[in-house]
Enquirer: 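Please find one structure pasted underneath; my questions will follow.
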Amino acid sequence: MSKEDVGITVSKNEDFSEWYTQVVLKAKLADYAPVKGLIVLRPDGYAIWESLRSTFDKKFAKNGIRNGFLPILIPESLLGKEQKHFAGFNPEVFWVTHSGTNEIGDKLALRPTSETLAYTMYSKWIRSWRDLPLKINFWNTALRAEIKATKPFLRTSEFLWQEGHTVHTTQEEAEKEVMKILEIYKNSVEDELAIPVTTGKKSEKEKFVGAVYTTTMESIMPDGKALQMGTSHFLGQNFSKPFEVKFADKNNVEHFAWQTSWGISWRLIGAMIMTHGDDKGLVLPPNVAPTQVVIVPIYKNDEGKEKILSKVDGIKNNLESKEIRVHVDDRSELSPGYKFNDWELKGVPLRIEIGPKDIEKQSMVIAKRYNREKSTLSFNEIEKISIILDEIQKEMLKNAKEQARKNTIDISEYTEFKSKIEGGGFINAPWCGKSECEEKIKEETGADIRVIPFDSENSNLKCVYCQEQSVSIPIFARGY
RNA sequence: GGGAUUGUAGUCUAGCUUGGUAUGAUACUAGUCUGGGGGACUAGUGGUCGCAGGUUCAAAUCCUGCCAAUCCCA
């Protein structure tokens, strides 16, 4: 194996798909499991998920949402209670048909999503308006058999996610909750993962099966394809009726409740890899990086080593006292150059190099991962590290926004639409609101309506497909 | 859903056409020297050739089925 083969061997620009797979595997985020479509998360990958999870948990808690846990098996009779919902998921459900050697009469689904199970429970728990709102979030996995080619984090047959399920007394309150969650999602993804998102509604065709409407956040990836980053659904009474989620109001009149459900998954990790990674490997935003700062000590002999390591130890303790996640790479068998490349592959946001020259000058070399810039920082400026990490976080979002902006264009003419879609990206194009046009466009170009952004109503233009009066300007794109 | 390609040690790989018990590199272990961008030398360790059948005196190699992965197109 040559020197070049140790790291990422293809360029992000030239072979995006292969590049992505290599980054996931070589940065040791995940590996393939022995069953088609399943992956194993390794500690560096899981740590990112844990970081996201803790961010969301804090924000959910502030919004009065608590965590619960649901079982993985759902009887077919339950799953089938809401017909449209069932029809939408049935093709990709894994079924448990046996317990030991005995056949199970009412076969059991490995949950593709838990609305039916959660609401069966909710109907038992809710009696009065005093029981509402009921807001529970569940961190678990969902299973959906993927027939299409799978890709780590982006399309797998089992994925980590959270699904939140809330119940309200009024439509207004439920709809407000839908928006509140979407806002939490957007802020978290932008602040933590440094990925800009566009929020809005899904079209009728693309909405969650069983929902009244679906709100979504969408991002554009560097290869020009769109990725759905999270959804928040207004379920109306579509589930409360078949599942009899009812409450008695203050006048003791019984009503069906109003519900929402919402989720994000480890797809967000995939989005982060694609958005920020480069030809050297992964690039992690400081806020979610399991290791934010790696220190590489450099020394020539044992007595130099003692001196350097004691200095390094002091710096490490200093940074740790400021809640910075630091790792000292004291592996003696590897050269500094090897370590530099290794940590760049793993995406650690900031590297500190400390060697004899630095001790002499009372300073250290710091190298930023996202732009690979090196500079020096004197020992007495150590408190600046937190500021630098914050700046990196902000710069990464800024760069990602710029990248997204470059990948977005306005088009009103169909011929141009068809030619531009080949290059990928978000296309803002006026639309009449009819599903036929949406379907035709999908058929002819492969692009669908990713999101109808909030405030994109517009009746002054002509539908890009049928030339009738427009109702909005949705974002069209080919998606993952 | 359609097409193309692939599976040999942790990783990459030679061998397959023409069957005879697997090549090299890297990684790993030990030691010495080294150390500011993927170090050097020496000596070692590591293999159900993806899985299951079949053909054969003999299968990594030929045949059948299965499993898994990658890429491209819808």
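Naming convention: chains lettered A, B, ... in sequence-line order (proteins, then strands); numbering from 1 in each chain.
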Enquirer: Take atom C1' in B:rG65 and the same atom in B:rC73, then report the distance between them in whole Å.
Expert: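 Here B:rG65 and B:rC73 have their C1' atoms 28 Å from each other.
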
Enquirer: What's the gap between B:rA27 and B:rG39 when it is taken at their C1' atoms, as a whole Å value?
Expert: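 Those two atoms are separated by 15 Å.
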
Enquirer: Ignoring backbone atoms, test whether A:T21 places a side-chain nitrogen or oxygen under 4.0 Å from the OP1 or OP2 oxygen of B:rC71.
Expert: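 A:T21 to B:rC71 OP1/OP2: side-chain N or O found under 4.0 Å.
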
Enquirer: For A:D15 and B:rU5, what is the distance between atoms CG and P respectively, to the nearest whole Å?
Expert: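 That distance rounds to 18 Å.
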
Enquirer: If I take atom CH2 in residue A:W19 and atom P in nucleotide B:rU70, what distance separates them, rounded to the nearest angstrom?
Expert: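 My rounded result for the distance is 16 Å.
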
Enquirer: With a distance cut-off below 6.0 Å to the six-membered ring centre and an angular limit of 45° from the axis, does A:K151 pair with A:Y480 as a cation-pi contact?
Expert: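 Output no; distance or angle outside limits.
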
Enquirer: Name the nucleic acid region contacted by A:R351, choosing base, sugar-phosphate or nothing; use a 4.0 angstrom heavy-atom cut-off, strictly under.
Expert: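 Base contact - A:R351 has a heavy atom under 4.0 Å of at least one base atom.
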
Enquirer: By the 4.0 Å heavy-atom rule, please label A:P356 as base, sugar-phosphate, or nothing.
Expert: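 Result for A:P356 = base.
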
Enquirer: What is the pairing partner of B:rA58, taking Watson-Crick or G-U wobble pairs with both distances under 3.5 Å in any strand?
Expert: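 Checking every strand shown, B:rA58 finds no partner, since no pair has both distances under 3.5 Å.
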
Enquirer: To the nearest angstrom, how far is A:E14 atom CD from B:rC71 atom P?
Expert: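 Roughly 16 Å, once rounded to whole Å.
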
Enquirer: Could you let me know what B:rG44 is paired to, Watson-Crick or G-U wobble, both distances under 3.5 Å, or none if it's on its own?
Expert: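 For B:rG44, the partner nucleotide comes out as B:rC28, under the 3.5 Å rule.
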
Enquirer: Name the pairing partner of B:rG65, where a pair is Watson-Crick or G-U wobble with both distances under 3.5 Å, or state none.
Expert: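 Partner of B:rG65: B:rC51.
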
Enquirer: Would you mind pulling out the nucleotide paired to B:rU17, Watson-Crick or G-U wobble, both distances under 3.5 Å?
Expert: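 None - no nucleotide pairs with B:rU17, as no candidate has both distances under 3.5 Å.
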
Enquirer: What nucleotide among B:rG36, B:rU70, B:rG39 has an atom nearest to a side-chain atom of A:T150?
Expert: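 Of B:rG36, B:rU70, B:rG39, B:rU70 is nearest to the side chain of A:T150.
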
Enquirer: Check this for me, if you would: do A:R369 and A:D278 make a salt bridge, where the nitrogen-to-carboxylate-oxygen distance has to be below 4.0 angstrom?
Expert: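 So A:R369 pairs with A:D278 through a salt bridge.
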
Enquirer: With a cut-off of less than 4.0 Å, is there a side-chain N or O of A:Y32 near OP1 or OP2 of B:rU70?
Expert: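 Looking at the OP1 and OP2 atoms of B:rU70, one of them is under 4.0 Å from a side-chain N or O of A:Y32.
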
Enquirer: Nearest whole angstrom, please: distance from the C1' of B:rG38 to the CG of A:N341.
Expert: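 Taking atom C1' of B:rG38 as the reference, CG of A:N341 is at 5 Å.
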
Enquirer: Report the C-alpha distance between A:K434 and A:E468 in whole Å, list the side-chain angles of each, state the deciding distance to 0.1 Å, and finish with yes or no for salt bridge (charged side-chain N to carboxylate O under 4.0 Å, His left out).
Expert: CA-CA 10 Å; A:K434 289 199 297 280; A:E468 283 174 31; 2.8 Å; yes

Enquirer: Can you measure A:Y338 atom OH to B:rU34 atom P for me and round it to whole angstrom units?
Expert: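 Going from A:Y338 (OH) to B:rU34 (P), I get 22 Å.
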
Enquirer: Quick check for you: among B:rG35, B:rG37, B:rG36, whose closest atom lies nearest to any side-chain atom of A:R372?
Expert: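 Closest of the options to the side chain of A:R372: B:rG37.
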
Enquirer: Is the shortest heavy-atom distance from the side chain of A:V464 to the side chain of A:I441 under 4.5 Å?
Expert: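 Touching, per the 4.5 Å side-chain cut-off.
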
Enquirer: Should A:K151 be listed as having a side-chain N or O under 4.0 Å from OP1 or OP2 of B:rC71?
Expert: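 Yes, such a contact exists.
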
Enquirer: Counting only heavy atoms not in A:K207, do more than 12 sit closer than 6.0 Å to its NZ atom?
Expert: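 Yes, because the 6.0 Å sphere around NZ of A:K207 holds more than 12 heavy atoms from other groups.
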
Enquirer: Quick check on RNA chain B: between A:K280 and A:K148, whose nearest nucleotide comes earlier from the 5' end?
Expert: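 Of the two residues, A:K280 wins.
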
Enquirer: Within the structure shown, what part of the strands sits under 4.0 Å from A:G304 by heavy-atom distance: base, sugar-phosphate, or nothing?
Expert: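 A:G304: no heavy atom of the nucleic acid under 4.0 Å.
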
Enquirer: Establish, with yes or no, whether the OP1 or OP2 oxygen of B:rG35 is under 4.0 angstrom from a side-chain nitrogen or oxygen of A:S335.
Expert: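 No, outside the criterion.
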
Enquirer: Starting at atom CZ of A:F340, determine the distance to atom P of B:rG36, rounded to an integer number of angstrom.
Expert: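 After rounding, the gap between these two atoms is 8 Å.
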
Enquirer: Provide the distance between the two P atoms, one in B:rG50 and one in B:rA22, to the nearest whole Å.
Expert: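 Between the two P atoms, the distance is 15 Å.
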
Enquirer: Evaluate salt bridge (charged side-chain N to carboxylate O under 4.0 Å, His left out) for A:K28 paired with A:D44, printing each intermediate quantity in order.
Expert: CA-CA 7 Å; A:K28 298 184 179 170; A:D44 284 337; over 6 Å; no

Enquirer: What is the nucleic acid contact for A:V296, judged by heavy atoms within less than 4.0 Å: base, sugar-phosphate only, or nothing?
Expert: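 If one applies the 4.0 Å heavy-atom cut-off, A:V296 turns out to touch nothing in the nucleic acid.
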
Enquirer: Strictly by Watson-Crick or wobble contacts shorter than 3.5 Å, is anything paired with B:rG37, and which nucleotide is it?
Expert: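 For B:rG37, the partner nucleotide comes out as none, under the 3.5 Å rule.
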
Enquirer: For the residue pair A:R144 and A:W161, would you count it as a cation-pi contact if the rule is NZ or CZ under 6.0 angstrom from the ring centre and within 45 degrees of the ring axis?
Expert: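 The answer is yes, since A:R144 meets both limits relative to A:W161.
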
Enquirer: Between B:rA25 and B:rA43, how many Å separate the two P atoms, rounded to a whole number?
Expert: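 Here B:rA25 and B:rA43 have their P atoms 12 Å from each other.
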
Enquirer: Rounded to whole Å, how long is the line connecting atom CZ of A:R331 with atom C1' of B:rG38?
Expert: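 That distance rounds to 12 Å.
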
Enquirer: Let's see if you can work this out: which of B:rG37, B:rC71, B:rU70 has an atom nearest to the side-chain heavy atoms of A:P152?
Expert: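 Comparing B:rG37, B:rC71, B:rU70 against the side chain of A:P152, the answer is B:rU70.
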
Enquirer: Just the rounded figure in Å: distance from P of B:rC28 to CG of A:L334.
Expert: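 It is 7 Å, rounded to the nearest whole Å.
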
Enquirer: Could you tell me whether the phosphate oxygens of B:rA69, OP1 or OP2, come under 4.0 Å of any side-chain nitrogen or oxygen in A:K36?
Expert: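 Looking at the OP1 and OP2 atoms of B:rA69, one of them is under 4.0 Å from a side-chain N or O of A:K36.
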
Enquirer: Could you measure between the two P atoms, the one in B:rA68 and the one in B:rC51, and give it in whole Å?
Expert: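 About 15 Å, rounded to a whole number of Å.
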
Enquirer: Mark yes or no for a side-chain to base donor-acceptor pair under 3.5 Å between A:K300 and B:rG36, with no hydrogen or angle criteria applied.
Expert: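 For A:K300, whose side chain was compared with the base of B:rG36, there is no donor-acceptor pair (under 3.5 Å).
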
Enquirer: For atom C1', what is the distance between B:rA60 and B:rU17, given to the nearest Å?
Expert: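 Rounded to whole Å, the distance is 14 Å.
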
Enquirer: Is the cationic atom of A:R351 (NZ for Lys, CZ for Arg) positioned less than 6.0 Å from the six-membered ring centroid of A:F340 and within 45 degrees of its normal?
Expert: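 Because its charged atom sits under 6.0 Å from the ring centre and within 45° of the axis, A:R351 does stack over A:F340.
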
Enquirer: Quick one: which of A:T231, A:V451, A:I264 gives a side-chain contact (heavy atoms from CB on, under 4.5 Å) with A:M217?
Expert: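 Looking at A:T231, A:V451, A:I264, the match for A:M217 under the side-chain contact (heavy atoms from CB on, under 4.5 Å) is A:I264.
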
Enquirer: Provide the distance between the two C1' atoms, one in B:rG3 and one in B:rU64, to the nearest whole Å.
Expert: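 Going atom to atom, C1' in each nucleotide, I get 23 Å.
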
Enquirer: Going by purine N1 to pyrimidine N3 plus the second Watson-Crick contact, or the G-U wobble pair, all under 3.5 Å, which nucleotide sits opposite B:rA9?
Expert: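 The base-pairing partner of B:rA9, which may sit in any strand shown, does not exist here.
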
Enquirer: Look through every strand shown and name the nucleotide pairing with B:rC71 as Watson-Crick or G-U wobble, where both distances are under 3.5 Å.
Expert: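 Answer to the pairing question: B:rG3, which forms a Watson-Crick or G-U pair with B:rC71.
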
Enquirer: Quote, to the nearest angstrom, the P distance that separates B:rU6 from B:rC63.
Expert: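 About 14 Å, rounded to a whole number of Å.
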
Enquirer: Assuming nearest nucleotide by heavy-atom distance, tell me which of A:E18 and A:I354 is located more 5' along RNA chain B.
Expert: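 Residue closer to the 5' terminus by nearest nucleotide: A:I354.
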
Enquirer: Could you identify the nucleotide paired to B:rU23, looking across every strand shown and requiring Watson-Crick or G-U wobble geometry with both distances under 3.5 Å?
Expert: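 Across any shown strand, B:rU23 pairs with none.
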
Enquirer: Mind checking if A:K28 touches a base, just sugar-phosphate, or nothing, with heavy atoms under 4.0 Å?
Expert: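 Here A:K28 touches no strand at all.
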
Enquirer: What contact category does A:G446 fall into here, base, sugar-phosphate, or nothing, at under 4.0 angstrom with non-hydrogen atoms?
Expert: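 Here A:G446 touches no strand at all.
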
